[in-house]
Amino acid sequence: QVQLVESGGGLVQVGGSLRLSCVASGPTFSPYAVAWFRQASGREREFVAGSKRSGTYTYYTDSVKGRFTFSRDNAKNAVYLQMNDLRLEDTAVYYCAADRNIITSTIRSPQAYDYWGQGTQVTVSS
């Protein structure tokens with residue numbers, strides 16, 4: 001059983017930066033696919049960034065490429081999302097998700113993940 005706890009959200013102005021953290025308790029994180037999703041008010045949950053296993057290719061949604069960086073720290077059983085040049089449309093609740101059975105065709109699908117954190121609010125203001 002994997003338990004995920006996110007932190008690092010907050011209120012930031014347009015163009016600012018935040019770093020989200022997701023720490024896992026339970027088994028080691030490295031064989032798990034881990035991803036960040038976000039859900040804005042009234043919208044569906046969407047994939048932001050993630051990787052299938054530690055050390056493999058990182059996927060990003062197009063709207064965050066060049067601004068967000070996904071990283072993993074196996075020693076700390078943690079993943080991070082460095083978010084730079086934040087925009088109003090980045091405002092959402094951000095969730096960390098994990099699963100051992102993710103393949104390339106499912107990495108962007110929230111339904112494919114069994115384990116979720118509680119979410120952390122990111123609000124970008126003008």
Worksheet item: For the residue pair Ala92 and Ala40, what are the closest heavy atoms and their distance?
Response: CB-N, 3.7 Å
Practice prompt. Determine the minimum heavy-atom distance between Ser17 and Asp85, stating which atoms define it.
Written response: OG-N, 4.3 Å
Practice prompt. Taking the side chain as every heavy atom from C-beta outward, state whether Tyr95 and Glu6 have any pair of such atoms under 4.5 Å apart.
Written response: yes
Discussion item. Let me confirm one number: the OH-OG1 distance from Tyr94 to Thr120, rounded to the nearest 0.5 Å.
Written reply: 10.5 Å
Item to complete: Decide yes or no for Ser126 and Leu88: does some side-chain heavy atom of the first lie under 4.5 Å from some side-chain heavy atom of the second?
Response: yes
Would you give me the side-chain donor-acceptor pairs under 3.5 Å for residues 26-34, sequence neighbours excluded?
none

Practice prompt. Check whether any side-chain heavy atom of Leu81 sits under 4.5 Å from a side-chain heavy atom of Phe68, and report yes or no.
Written response: yes
Worksheet entry | Close side-chain approach of Val5 to Gln118, heavy-atom, < 4.5 Å | yes
Worksheet item: Taking the side chain as C-beta and beyond, is there a heavy-atom pair between Arg38 and Glu46 under 4.5 Å?
Response: yes
Fill in: Qualifying disulfide bond (SG atoms under 2.5 Å apart) pairs with a residue from residues 14-121, counting only residues at least two apart or across chains
Cys22-Cys96
Worksheet item: Do side-chain atoms of Ser51 reach the backbone of Thr58 as a donor and acceptor pair under 3.5 angstrom?
Response: no
Worksheet item: side-chain contact (heavy atoms from CB on, under 4.5 Å) between Val2 and Ser25: does it pass, once the steps are laid out?
Response: CA-CA 6 Å; Val2 176; Ser25 59; over 6 Å; no
Practice prompt. Decide whether Val79 and Ile102 are clustered together by the hydrophobic rule: side chain heavy atoms of Ile, Leu, Val, Met, Phe, Trp, Tyr closer than 4.5 Å, transitively.
Written response: no
Fill in: Note, Leu4 side chain near Val23 side chain (heavy atom, < 4.5 Å)
no
Worksheet entry | Electrostatic pair Lys65-Asp62, nearest N-O below 4.0 angstrom | yes
Worksheet entry | Side chain proximity check, Phe70 to Trp36, heavy atoms < 4.5 angstrom | yes
Worksheet, complete the sentence: Rounded to the nearest 0.5 angstrom, the CD1-OG distance for Ile103 and Ser109 is 9.5 Å
Item to complete: Say whether Val48 and Val122 are linked into one hydrophobic cluster, either directly or through other cluster members, by side-chain heavy-atom distances under 4.5 angstrom.
Response: yes
Fill in: Lys/Arg-Asp/Glu bridge criterion (N-O < 4.0 Å) met for Arg100, Asp114
no
Practice prompt. Please report the C-alpha distance between Trp116 and Phe37 in whole Å, then the side-chain angles of each, then the deciding distance to 0.1 Å, and finally whether the ring pair (Phe, Tyr, Trp, His ring centres under 6.0 Å) criterion is met.
Written response: CA-CA 10 Å; Trp116 290 86; Phe37 288 81; 5.1 Å; yes
Worksheet item: Quick one: does Arg108's side chain have a donor or acceptor within less than 3.5 Å of a partner on Thr104's backbone?
Response: no
Discussion item. Quick check: closest heavy atoms across Arg67 and Leu86, and the distance to 0.1 Å?
Written reply: NH1-CA, 3.9 Å
Discussion item. Please say yes or no: joined through hydrophobic side-chain contacts below 4.5 Å, possibly via intermediate residues, are Leu20 and Val93 part of one cluster?
Written reply: no
Worksheet item: Are the aromatic ring centres of Tyr57 and Tyr59 under 6.0 angstrom apart?
Response: yes
Worksheet item: Heavy atoms, side chains only, cut-off 4.5 Å: are Gln13 and Val124 in contact?
Response: no
Discussion item. Rounded to the nearest 0.5 Å, what separates atom OG1 in Thr106 from atom NZ in Lys52?
Written reply: 8.5 Å
Discussion item. Is the positively charged end of Arg19 above the ring of Tyr80, judged by distance under 6.0 angstrom from the centroid and angle within 45° of the axis?
Written reply: yes
Worksheet item: Quick one: do the Gln121 and Thr123 side chains pair a donor with an acceptor below 3.5 Å?
Response: yes
